[in-house]
J.: 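My questions will all concern the structure given below.
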Amino acid sequence: MAQKILVTGGTGYIGSHTAVELIEAGYEVVIIDNLSNSNIEVLDGIEAITGVRPVFFKGDCNNIEDLRRLFTENPGIEGIINFAASKAVGESVQKPLLYYRNNLATLINLLDLMPGFGVKGIVFSSSCTVYGEPDKNPIDETAPIKPATSPYGNTKQISEEIITDYIASGAPVKSIILRYFNPIGAHPSGKIGELPIGVPGNLVPYMTQAAAGIRPMLTVFGDDYNTPDGSCIRDYIDVVDLAKAHVIAMRRMLDRNDTDAIEIFNLGTGCGVSVLELIAAFKKATGVDIPYKIGPRRAGDIEKIWADPKKANEVLGWKAKVPIDRTMKNAWQWQCSLPK
Ligand code: NAD
Ligand code: UFG
């Protein structure tokens, strides 16, 4: 019988791509989402790609009674992937309590209910934001955690500590913490992708909207950094590559009894790409120009960070594979499928 996995935030950007990969790997997927940052039509996309419509439960992970009802109505859930969170860095500075409540209460509720409902493990979405500005790149999992620069970043640090402390207390659960670098792109089918609400804060949705004429111009936030072309450097990881890592992590966590109760992995490509290089890669892949101008630095930005993904490569046997031009094509195909 297929193992049943709960995907919280499963109609969101990374959650929907992961639901597809889980279904294609033979798992039964149950999604809970409160649709605060996604919409129900995403289920049509998942079904169009996989031929399977996952069970959907509209509910709030902050509400422990919603979760209790979900676990009761869907017995036999073995693992959880916890994507449900608020994720806008700027908004978190304006509304810190919303972020602390949503991101931390969700995790605490899930952990609390896991033993009673026989759930063995939880994969948690963390972020390279926990490293702050690295002392050296590429950065591996042993690097120090730096003070968070936003309430959002702090929720990721605290969440990692909550999981660690809970497992250290002897709770009968396992966890794999995945520190994502910069997820971008869309499913190659063009049927699911990122759906930013309002003005995008992240680079790639802004780029594709500028290329589509929805925004007049992309602003590159600073060209006076200490980098070869002066713009910031990140490790952009294709969302499907990222999604596949979750399937591998889930399999490892649930099916093996020789692994540590808690493990942490960087998920990145190992390559640093600047903002200006990414704009050029988009043009090369799609033939479409992105109108842009150079603007001032954005407060709080990291100058350069990219992953040392060796641990994930060796221990998980996972490696980012999708080339950047394919990722750019997929992002553009997705943008073109959206209403203007
Ligand atoms: P997203 O906003 O697209 O998806 C999150 C989903 O969770 C949304 O569908 C939203 O409606 C839902 N949700 C939020 N709060 C909820 C709640 N209380 N109950 C039920 N559903 C709730 O975001 P994403 O980009 O897919 O990110 C997924 C996870 O990965 C988040 O935890 C995020 O912090 C983390 N992450 C994202 C990035 C990134 O750049 N996208 C980078 C690092 C880490
Ligand atoms: N950028 C621009 N113009 C824009 C938007 C972004 O030049 O309009 C630049 C930024 O200055 C930065 C780079 O593009 O140099 C990437 O910016 P993003 O906002 O796309 O991504 P960040 O690296 O700032 O942060 C993202 C998520 C965080 C997450 C982090 C690490 O927003 O939630 O990646 O995973 F923590």
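Remember, it's 1-based here, ligands and their atoms both numbered in the order they're listed.
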J.: So which heavy atom in the protein is nearest atom 3 (N) of ligand 2, and how far is it from that ligand atom?
T.: T219 O, 2.8 Å

J.: Going by heavy atoms, is N182 under 4.0 Å from ligand 1?
T.: no

J.: Heavy atom of T8 under 4.0 Å from ligand 1?
T.: no

J.: Does the residue S86 have a heavy-atom contact with ligand 1, meaning some pair of atoms that are separated by less than 4.0 Å?
T.: no

J.: What are the atoms of ligand 1, with element, lying closer than 4.0 Å to any heavy atom of T106?
T.: 18 (N)

J.: Taking only heavy atoms of S126, which atoms of ligand 1 are found under 4.0 Å from at least one of them?
T.: 43 (C), 44 (C)

J.: For ligand 1, which atoms have a heavy atom of C61 less than 4.0 angstrom away?
T.: 17 (C), 18 (N), 19 (N), 20 (C)

J.: Taking 4.0 angstrom as the limit and counting only heavy atoms of G59, give me the atoms of ligand 1 inside it, by number and element.
T.: 19 (N), 20 (C)

J.: Can you list the atoms of ligand 1 that are under 4.0 Å from a heavy atom of S38?
T.: 8 (C), 9 (O), 11 (O)

J.: Does at least one non-hydrogen atom of A105 fall below 4.0 angstrom from an atom of ligand 1?
T.: no

J.: Against heavy atoms of L35, which atoms of ligand 1 measure under 4.0 Å?
T.: 11 (O)

J.: Which atoms from ligand 1 have a heavy atom of D60 less than 4.0 Å away?
T.: 17 (C), 18 (N), 19 (N)

J.: Return the option from M217, R298, K156 holding the heavy atom at the smallest distance from atom 19 (O) of ligand 2.
T.: R298

J.: If you count the atoms of ligand 2 from 1 in the order shown, which ones are under 4.0 Å from a heavy atom of C128?
T.: 31 (C), 35 (O)

J.: Tell me whether ligand 1 is touched by R179 - counting only heavy atoms on the residue side and a distance under 4.0 Å.
T.: no

J.: Heavy atoms only: which of T18, I237, N37 lies closest to atom 1 (P) of ligand 1?
T.: N37

J.: Any heavy-atom pair between the side chains of M114 and I80 that's under 4.5 Å?
T.: yes

J.: Which of the atoms in ligand 1, numbered in the order shown and given with their element, are less than 4.0 Å from a heavy-atom of S125?
T.: 29 (C), 30 (O), 32 (O), 35 (C)

J.: Within ligand 2, which atoms have a heavy atom of Y152 less than 4.0 Å away?
T.: 33 (O), 36 (F)

J.: I want to check a possible cation-pi pair here: R234 against F181, using under 6.0 Å from ring centre and within 45° of the ring axis as the test.
T.: no

J.: Purely on distance, is any nitrogen or oxygen of F181 under 3.5 Å from one on ligand 2?
T.: yes

J.: When you compare the side chain of K310 with that of D140, does any pair of heavy atoms fall below 4.5 Å?
T.: no

J.: Ligand 2 and D301, any nitrogen or oxygen pair closer than 3.5 angstrom?
T.: yes

J.: Could an N or O of ligand 2 be found under 3.5 Å from any N or O of F221, whether backbone or side chain?
T.: yes

